[in-house]
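Only one structure is covered here, and it is reproduced in the block below.
Side chains are part of it too, since the values below use all heavy atoms of this structure and drop only hydrogens, waters and symmetry mates. This one's a predicted model, so the numbers in the text were calculated from it and none came from an experiment.
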Amino acid sequence: MNFCTHFDSNYLPQAMTLLKSLNDNIKSFNLFMLCMDDKSYEYLKSITLKNARILHYSLLEDQMPDLVEARKNRNNIEYFFTCSPAVCKLIFLENRDIESVTYLDADLFFFSDPSVIFQEINDKSIAIIKHNFSLISRPNIKYGIFNVGWITFKNDYQGKSCLNNWYKNCIDWCYQKVERNRYADQKYLDSWPDEYKNLIVIKNKGANLAPWNISKYNLSLKDDSIFVDEDKLVFFHFANLHQIGNKKFKTNLSRVFKSTSGILKLNIYLPYIKELKNNIN
């Protein structure tokens with residue numbers, strides 16, 4: 001399993017927590033951690049990390065000079081979005097024999113082995129995942145049917161063709177504006193199922209559980225594992241979680257009229273926050 005993510009020092013604790021969760025659930029994998037500033041790079045290079053490969057953003061811009069030009073006409077967040085496909089391209093450029101790469105948002109946390117997702121993907125060249133919005137969150141579909149949190153590209157013709165087209169799209173236009181067929185790096189994915197025959201949409205309910213879809217599912221505990229309806233929780237997307245004090249975090253689940261209680265609080269949010277705090281310097 002080869003994963004990649006990118007972040008700056010503001011999201012360094014999340015990236016380190018992501019790595020910890022992967023190490024807790026998988027014996028052998030690579031997480032390519034692309035640092036978007038010197039501070040995060042220097043810190044990660046100064047410590048020992050298992051199954052991590054630390055990369056500096058200059059490598060990205062050296063390989064893809066289009067990014068340097070794109071950076072001039074978009075803000076920092078928009079540039080981060082622009083770099084999502086570029087990170088995946090870099091992994092293929094630097095590792096020619098790699099079988100596949102899976103992009104992960106830095107604010108994901110794994111609760112069980114993701115092998116079940118790769119079994120579902122099987123021999124498909126591209127794998128994407130829906131937001132699966134709840135009724136309350138449904139208006140957010142304007143930002144895209146699919147979520148960039150997990151995307152797998154195989155190192156084959158169709159996988160690289162899709163990735164290259166996504167990269168070109170983001171270089172041309174990647175802004176925090178909602179247009180008919182565009183929003184940041186994300187809404188480009190809406191057309192992929194029609195464009196690429198060897199694509200799969202991941203169905204596992206335990207993949208990408210998130211504030212925007214949590215209300216759709218029943219959570220339960222069985223043998224110390226968390227289940228989302230009938231599927232074991234694989235990873236949760238901790239979007240919009242903010243630290244507001246030394247020991248206080250705001251989940252923002254109130255936005256989707258969801259109470260932070262029960263399994264959601266005790267078995268999902270609190271374990272993540274505990275690990276996150278361990279990585280906050």
Could you tell me if Asn208 and His131 have a donor-acceptor pair between their side chains, going purely by distance under 3.5 Å?
no

Counterpart residues, ring pair (Phe, Tyr, Trp, His ring centres under 6.0 Å), relative to Phe110 (two or more places apart):
Phe235

Side chains of residues 250-257: which donor-acceptor pairs under 3.5 Å do they make with residues two or more places apart or in other chains?
| unit_1 | atom_1 | unit_2 | atom_2 | d |
| --- | --- | --- | --- | --- |
| Thr251 | OG1 | Leu253 | N | 3.2 |
| Thr251 | OG1 | Thr260 | OG1 | 3.1 |
| Asn252 | ND2 | Asn240 | O | 2.6 |

Mind checking who shares a hydrophobic cluster with Tyr183, ILVMFWY linked at side-chain heavy-atom distances under 4.5 Å?
Tyr143, Val178

Apart from Tyr157 itself, members of its ILVMFWY cluster (side-chain separation under 4.5 Å) are none

Once salt bridge (Lys or Arg N to Asp or Glu O under 4.0 Å) is applied, what residue pairs with a partner in residues 72-101 remain, sequence neighbours excluded?
Glu69-Lys72

Restricting to ring pair (Phe, Tyr, Trp, His ring centres under 6.0 Å), what partner residues turn up for His237, sequence neighbours left out?
Trp212

Could you list who else is in Leu135's hydrophobic cluster, with ILVMFWY side chains joined at under 4.5 Å, directly or through other members?
none

List for me each residue that meets side-chain contact (heavy atoms from CB on, under 4.5 Å) alongside Leu270, sequence neighbours excluded, and say none if there are none.
Lys265, Leu266

Please list every donor-acceptor pair under 3.5 Å in which a side-chain atom of residues 215-227 meets a protein atom from a residue at least two apart or in another chain.
none

Side chains of Asn279 and Thr17: donor-acceptor distance under 3.5 Å anywhere?
yes

Apply side chain to side chain donor-acceptor pair (under 3.5 Å) to Trp150 and list each qualifying residue two or more places apart in sequence or on a separate chain.
Thr152

Partner set under ring pair (Phe, Tyr, Trp, His ring centres under 6.0 Å) for Tyr272, not counting sequence neighbours
Phe109, Phe238

Taking atom types as modelled, find out whether Asn51 and Asn23 have a side-chain donor-acceptor pair closer than 3.5 angstrom.
yes

Name the atoms and distances for all side-chain donor-acceptor pairs under 3.5 Å in residues 4-11, with sequence neighbours left out.
| unit_1 | atom_1 | unit_2 | atom_2 | d |
| --- | --- | --- | --- | --- |
| Thr5 | OG1 | Leu104 | O | 2.8 |
| Thr5 | OG1 | Ala106 | N | 3.4 |
| His6 | ND1 | Tyr103 | OH | 3.3 |
| His6 | NE2 | Phe80 | O | 2.8 |
| Asp8 | OD1 | Asn10 | N | 3.0 |
| Asp8 | OD2 | Asn10 | ND2 | 3.4 |
| Ser9 | OG | Asp37 | OD2 | 2.8 |

